[in-house]
Amino acid sequence: MSLDPDDLLAIGEVSRRSGVPVSALHFYEQLGLITSTRSSGNQRRYRRHMLRRISLIVVAKRLGIPLSDVQEVFESLPLDHAPSQRDWQRVAKLWRQQLEVRRTQLDHLQRELTGCIGCGCLSLKACRLLNPEDELAGDGPGPRRI
Ligand code: FES
């Protein structure tokens, strides 16, 4: 399939339009998040719709979504055309669920940390922050056997 030259952007142009440094674009390409073709002069050329994929990566980064999770989601997105509004809604819904799980985990950690502030034992056995599998920590913060 021959590509429309008007549809192809040089890496500098992609960087300028997306605000993503060239080095990061190289990295995203290594991870398979975006793809390029080569010009006759062996320079990278990105199809215009890659800007949408890059926008999704930028959003994920702002949300603190790890690139490994982005990779997983991108496997279900088309590489030959821009993600549709429906694709974006599906991804946004998934990421919102991940943020909710993370918020719950952070709330839990915050409660444990609050208990540790009143304790200060830093016990490798008793402190739930240091020893998350500790069974006695379920009885409350602070050392249980002292
Ligand atoms: S400092 Fe964490 S339980 Fe004591």
Side-chain angles (χ1 to χ4, degrees), residues 1 3 7-39 42-146:
M1 178 179 81
L3 299 172
D7 186 41
L8 298 174
L9 302 171
I11 192 164
E13 180 70 4
V14 173
S15 174
R16 191 184 63 74
R17 288 184 181 209
S18 65
V20 173
V22 167
S23 58
L25 293 173
H26 285 166
F27 183 58
Y28 297 156
E29 192 168 348
Q30 276 174 11
L31 294 177
L33 297 173
I34 57 175
T35 59
S36 66
T37 57
R38 293 286 174 162
S39 69
N42 200 31
Q43 294 178 322
R44 283 184 168 86
R45 292 287 184 262
Y46 295 89
R47 291 188 64 192
R48 194 172 296 272
H49 69 77
M50 286 295 151
L51 288 168
R52 295 285 292 275
R53 288 176 79 92
I54 294 165
S55 296
L56 284 178
I57 298 168
V58 170
V59 168
K61 201 172 162 191
R62 286 202 63 209
L63 296 173
I65 305 284
L67 282 178
S68 55
D69 288 355
V70 177
Q71 272 179 308
E72 212 170 290
V73 163
F74 272 26
E75 284 173 14
S76 67
L77 294 181
L79 255 180
D80 59 345
H81 59 270
S84 66
Q85 188 177 7
R86 198 179 182 135
D87 289 328
W88 163 237
Q89 286 170 342
R90 181 173 51 80
V91 171
K93 204 171 170 182
L94 179 70
W95 286 348
R96 189 185 62 193
Q97 287 169 351
Q98 288 178 345
L99 286 178
E100 282 168 10
V101 168
R102 192 149 33 106
R103 183 183 307 124
T104 302
Q105 290 169 337
L106 282 173
D107 285 348
H108 183 72
L109 283 172
Q110 188 179 18
R111 279 195 301 278
E112 289 183 352
L113 180 61
T114 301
C116 287
I117 289 170
C119 174
C121 70
L122 286 176
S123 164
L124 289 172
K125 283 188 178 174
C127 179
R128 196 138 188 185
L129 283 177
L130 291 169
N131 183 7
E133 303 303 319
D134 181 18
E135 292 167 11
L136 293 178
D139 296 341
R144 295 285 135 198
R145 287 190 175 145
I146 296 175

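Counting starts at 1 for both ligands and their atoms, in listed order.
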Problem - C119 SG and C121 SG subtending at atom 4 (Fe) of ligand 1 (10° steps) - result: 90°
Practice task
Have a look at L130, L122, N131 and point out the one with the heavy atom closest to atom 1 (S) of ligand 1.
Solution key: L122
Practice task
Would you check whether S123 reaches within less than 4.0 Å of ligand 1, judged by its heavy atoms?
Solution key: no
Completion exercise
Within 4.0 Å of some non-hydrogen atom of C127, the atoms of ligand 1 are 1 (S), 2 (Fe), 3 (S)
Exercise for the section: Check whether any side-chain heavy atom of I11 lies under 4.5 Å from a side-chain heavy atom of R45, and answer yes or no. Expected result: no
Practice task
Not counting sequence neighbours, which residues clear side chain to side chain contact (heavy atoms under 4.5 Å, CB included) with A24? List them please.
Solution key: V20, P21, Y28
Handout entry: All salt bridge (Lys or Arg N to Asp or Glu O under 4.0 Å) counterparts of E13, not counting sequence neighbours
Key = R16, R17
Handout entry: Polar contact flag, side-chain donor to acceptor under 3.5 angstrom, S36-E29
Key = yes
